[in-house]
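Scroll down for the structure; my scribbles are underneath it.
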Amino acid sequence: MPDLSSLAHWSASIKAESLSLFYASRDADVGCATRWLLEFALAYAMSPISLVPDAVPLLGYADSQILVPTLLWLARWSVPVAALVRAQERARTE
């Protein structure tokens, strides 16, 4: 059984990272395409609707396990460093 303190730390880090990506999408230095990618990735990650229904064998959960982390990684990679630092600082103070 996993340690509950490590799960709590992992959960808090995901919350902080999601919040910082949300704040980064609102930054003026972030381009329009990056902003759309950030908003789509966050909306798809939070949405109960999925592109591939979970009833489809092997592919049903693949979009949640592959597409969401890939979209979030790509969105985070495309944000300018200065905007990401400002967003992380704002998320830390919230």
Worksheet item: Which atoms form the tightest heavy-atom contact between Asp29 and Pro80, and what is the distance?
Response: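 For Asp29 versus Pro80, the nearest heavy atoms are O-CG, 3.7 Å.
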Fill in: Minimal non-hydrogen separation, Ala24 against Ala87, with atom names
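The answer is N-CB, 3.5 Å.
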What's the spacing between [X] [atom1] and [Y] [atom2] if we round to 0.5 Å?
X: Gln88; Y: Glu17; atom1: CD; atom2: CD; answer: 6.0 Å
X: Thr93; Y: Arg90; atom1: OG1; atom2: CZ; answer: 8.0 Å
X: Glu39; Y: Ser25; atom1: CD; atom2: OG; answer: 5.0 Å
X: Arg86; Y: Tyr23; atom1: CZ; atom2: OH; answer: 15.0 Å

In the single-linkage hydrophobic clustering (I, L, V, M, F, W, Y; side-chain heavy atoms under 4.5 Å), do [X] and [Y] co-cluster?
X: Phe40; Y: Val79; value: yes
X: Trp77; Y: Leu71; value: yes
X: Leu21; Y: Leu74; value: yes
X: Leu19; Y: Trp73; value: yes

Worksheet item: side chain to side chain contact (heavy atoms under 4.5 Å, CB included) with Ser78: which of Leu37, Leu84, Leu38, Val30?
Response: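 Checked Leu37, Leu84, Leu38, Val30 against Ser78; only one passes side chain to side chain contact (heavy atoms under 4.5 Å, CB included): Leu37.
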Worksheet entry | Ser18 side chain to Lys15 backbone, donor-acceptor under 3.5 Å |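 Side chain of Ser18 to backbone of Lys15, a donor-acceptor pair under 3.5 Å: no, none is there.
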Worksheet entry | Charged N-O contact under 4.0 Å between Glu89 and Arg92 |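 Yes, this pair counts.
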